[in-house]
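What follows is one structure encoded as structure tokens, with my remarks underneath.
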Amino acid sequence: MHISNVRLVNYRNFANTRFVFSMGINTIIGENGSGKTNLFRAIRLLLDNSMRRSAMRLEEKDFHRGLGEWRGHWIIISLEFDNVSQDEAIQALFLHGTGNLESTSVKKATYNLIFRPKVTVRAELSQLVRGDADGLANILTNLTIDDYETVITGKSSANFNDPNAYKALVGDFENIQFPSELNPPDIGGRVPSILSLNNEISFTFVQALRDVVSDFHNNRTNPLLTLLKSKSGEINQCEFSPIVTQVSALNSAIEALSDVAQVRADISKTINDTVGDAYSPTSLSIKSDLPDEAEQLFQSLKLFVSESDDGHEGAIHDMSLGGANLIYLTLKLLDFNYQKKNHTIANFLLIEEPEAHIHTHIQKSLFDKLNYSSTQVIYSTHSSHISEVSNVKNVNVIGKINGRCEAFQPATGLLDDQIGCVQRYLDAVRSNLLFAKSVVLVEGDAEEILIPILIKKVMGISLDELGVSLVNIRSTGFANVAVLFHNDRIRKRCSIITDTDEIFFDISEVAGDTEAVKSAKKKAKGSRESGITRKSAIDTLCNGNPWLAPFYAPHTFEVDFIAAGNSCKFVAILNNVYTQPSTIATSKAELESVDMATYGKRALTMAATSGKGWFAILLGKVVDHHTVIPDYIIDAIFFAHGIMSNSVVFNILSYRLTKIVEQLGAWQVYVDTTTGQTEKWYADCRADLSLRKTAITEFNLELKEFQTGRLDFNQIRAAMMNRLPDDKINPILARI
């Protein structure tokens, strides 16, 4: 038996979300604050015996904040189980408790926690006339959390994720219409406490490894003590009796020590001398308090471990963080194994972010080996190393769509061959796309290296600040990964950047062409044909998909980077590529040519000479705020990011203004220190400086107005273009 679905409605940061799980190992991937811990808590409320029963009594803070007014709404946590055993005892449990009603033999079962207004409140709501806003307001105004109840049900048939089903069961708050049925059968029947499911399964929760040393010092959370307690019930009393005898004898021996007896006598005499016989204790002893019960003896036991080759064993607090975490995790897994031996219905192991301070190889090995038989394991993780070895068919990705946290299943609707391709591509680097808010896929090293630098140097913000992850596919096989981004799978924006490899020089055969020239022309022709085929396939893949969009470099990155207006950057690194002065001079002339065939060939030759990756690193060193970002790159970033917030625009413009002021200061110093120019030259320069200073001052005031909301984006964009028309950010602003 395993959990096949978890449905959360109005619970914490989940408005309406469904998680899908399989037997075996499952992975939950999500950024900080996405709700991984909340999901685990929801499951634990229904299955974890170690949680206090009072935890099932939810609070105001447990309602989804997006509701606004929580009063009157329900919180629903619903678990669905699949592959329920046909064993007679198990069938009896589910038929009477949580099994579906349609059959006398249970294969699926449901188990629900419903937090709802008490029956008196539901009765009041049911009596409202449709559209009676005042009546609804009167009921809700006086409603408190004490007017709510927690109900555990089974045999439910409702799809709680269906908004229409929710309205039918709970009510339509917008149109003010509430059901007359106060206990609809669709939510299932109450489960008798005697049939509590969590008494019939083994369930272990391993919390995030944050401060395990303190857990070892706390008797309630000490995993070693938990293990020893569970084993103490199996100790043969005949075996334990000699230990008790020895402890009792040791206590007596300690008490009989002459120094102990002398101190006891001195204490008695001092009290008597101080307050007199009437007020002195009737008796006083000094006794050894060594426990002679198994549980108390076990509490005194400590774990000592050696991490070094010298054989020294230290306490847990002496270990490295990673070592202590690994020991803690090991003990929790052993505890699970002890539990598992005593249960046959189902075994569940929830592990929250096990990667903290643990080496990447251990992370992967741990995940790979936690394949217990008849056990469902559910991980949550931030680790790309764990996600790399996760089966994509058993992955849930938590992401935010329009401010709401939702769960995505990346493999939904994919064929086995497609899933296999995705699995092969998602190594530790590329699997970052599963954690990303949005994604840009690129085909090579040049784009991977330079695009983040371009965005940071030109716009003053990083891709990380924009929530965009750049992933290098290292080929043109975009479809192998891009299929993940779809309405049925991961609903996050993904841009594809690739070259169409259009020909930028004459490839006609000419008599006298050398073999090298013939080869270059043949290669260019083949690249164009491949580019046409690739573009057609990508366009087809993206057609009708709101989460996926292609952006094409007309030729190839290096050529189009010069075409955008960056030939000076190539010239700036000539000395790093060539050593011969004649070659450098020829290359400079070619790069500064207006003919694409001329500068394009030179750009590609330079990249080939250095190697594309290293050449991109060289270019990255000379990128500055004067660099022009090609339009297709800007468009790809903006599509992935989505609507650009005013705060981001403000940060970009503030950065540009800082750079403009720095440049103006440098120009002022140059004018002031330059000699030998004409009077007109000095006058023109100072006039230009004065105009620019005025423009900067005026724009700075307008930027502050934009920050406070008194100017909108269109107005600040117009102000920038008007005050500082030659700044390189203006073409970018025009594309927002």
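Excluded from the calculations below are hydrogen atoms, water molecules and symmetry mates; all remaining heavy atoms, backbone and side chain alike, are included.
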Donor-acceptor pair, distance only, cut-off 3.5 Å: does the side chain of [X] make one with the backbone of [Y]?
X: T17; Y: C405; value: yes
X: R7; Y: I76; value: no
X: Q409; Y: A411; value: no
X: N13; Y: S34; value: yes
X: N651; Y: V648; value: no
X: S156; Y: A158; value: no
X: N396; Y: V20; value: yes
X: T153; Y: G188; value: no
X: S438; Y: G467; value: yes
X: K492; Y: V439; value: no

Practice task
Check step by step if side chain to side chain contact (heavy atoms under 4.5 Å, CB included) holds for I637 and I451.
Solution key: CA-CA 10 Å; I637 299 297; I451 289 177; 4.3 Å; yes
Can you name the closest pair of heavy atoms from [X] and [Y] and give their distance?
X: V6; Y: F21; value: CG2-CE1, 3.6 Å
X: P410; Y: R489; value: O-CD, 2.8 Å
X: W74; Y: G72; value: CD1-O, 3.7 Å
X: N164; Y: D162; value: N-OD1, 3.0 Å
X: S495; Y: A640; value: OG-N, 3.5 Å
X: I152; Y: Y111; value: CG2-CE1, 3.6 Å

[X] [atom1] to [Y] [atom2] distance, which is reported to the nearest 0.5 Å:
X: L441; Y: L548; atom1: CG; atom2: CG; value: 8.0 Å
X: E149; Y: R116; atom1: CD; atom2: CZ; value: 4.5 Å
X: F115; Y: E59; atom1: CZ; atom2: CD; value: 8.5 Å
X: I75; Y: L113; atom1: CD1; atom2: CG; value: 8.5 Å
X: N49; Y: R44; atom1: CG; atom2: CZ; value: 11.5 Å
X: R12; Y: L58; atom1: CZ; atom2: CG; value: 8.0 Å

Practice task
Taking the side chain as every heavy atom from C-beta outward, state whether L47 and F205 have any pair of such atoms under 4.5 Å apart.
Solution key: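 No, too far: nothing below the 4.5 Å cut-off.
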Practice task
Could you check if a side-chain atom of L466 sits within less than 4.5 angstrom of a side-chain atom of M644, using non-hydrogen atoms only?
Solution key: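 Yes, at least one pair of side-chain atoms sits under 4.5 Å.
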Exercise for the section: Decide if atom CZ of R65 counts as having more than 12 heavy atoms of other residues, nucleotides or ligands within a radius under 6.0 Å. Expected result: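 No - once you tally the heavy atoms of other residues, nucleotides and ligands closer than 6.0 Å, there are 12 at most.
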Who passes side chain to side chain donor-acceptor pair (under 3.5 Å) against [X], sequence neighbours left out?
X: Y148; result: none
X: N16; result: N161
X: S78; result: N112

Problem - Any residue meeting side chain to side chain contact (heavy atoms under 4.5 Å, CB included) with K456, in chain and number order, not counting sequence neighbours - result: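 Partners of K456 under the side chain to side chain contact (heavy atoms under 4.5 Å, CB included) test: S462, E465.
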Problem - Residues forming a side chain to side chain contact (heavy atoms under 4.5 Å, CB included) with N487, sequence neighbours excluded - result: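 For N487 the side chain to side chain contact (heavy atoms under 4.5 Å, CB included) partners, ignoring immediate neighbours, are R491, P546, W547.
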Exercise for the section: Verify side chain to side chain contact (heavy atoms under 4.5 Å, CB included) between L45 and Y11, making sure each step is shown before the conclusion. Expected result: CA-CA 12 Å; L45 285 172; Y11 181 64; 4.0 Å; yes
Practice task
Using only heavy-atom distances, determine whether the side chains of T412 and D488 contain a donor-acceptor pair under 3.5 Å.
Solution key: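 Result is no, nothing qualifies.
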Handout entry: Distance-only side-chain donor-acceptor flag, N347 / Q376, under 3.5 Å
Key =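 Judged by distance alone, the side chains do not pair up.
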Member of [options] meeting the side chain to side chain contact (heavy atoms under 4.5 Å, CB included) criterion with [X]:
X: F19; options: I28, N26, N5; value: I28
X: T27; options: T381, I378, N394; value: T381
X: L433; options: V481, V397, V440; value: V481

Practice task
Starting from the C-alpha separation in whole Å, work towards a yes-or-no answer on side chain to side chain contact (heavy atoms under 4.5 Å, CB included) for F63 and I145.
Solution key: CA-CA 11 Å; F63 281 92; I145 205 69; 4.0 Å; yes
Practice task
Go through I419 and V422 one step at a time and tell me if the side chain to side chain contact (heavy atoms under 4.5 Å, CB included) criterion holds.
Solution key: CA-CA 5 Å; I419 293 173; V422 170; 5.7 Å; no
Practice task
Assign the ring pair H73 / Y166 to parallel, tilted or perpendicular, where the plane angle (0 to 90°) is split at 30° and 60°.
Solution key: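 H73 and Y166: parallel rings.
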Problem - Residues forming a ring pair (Phe, Tyr, Trp, His ring centres under 6.0 Å) with F348, sequence neighbours excluded - result: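 Per chain and number, F348 pairs via ring pair (Phe, Tyr, Trp, His ring centres under 6.0 Å) with no residue.
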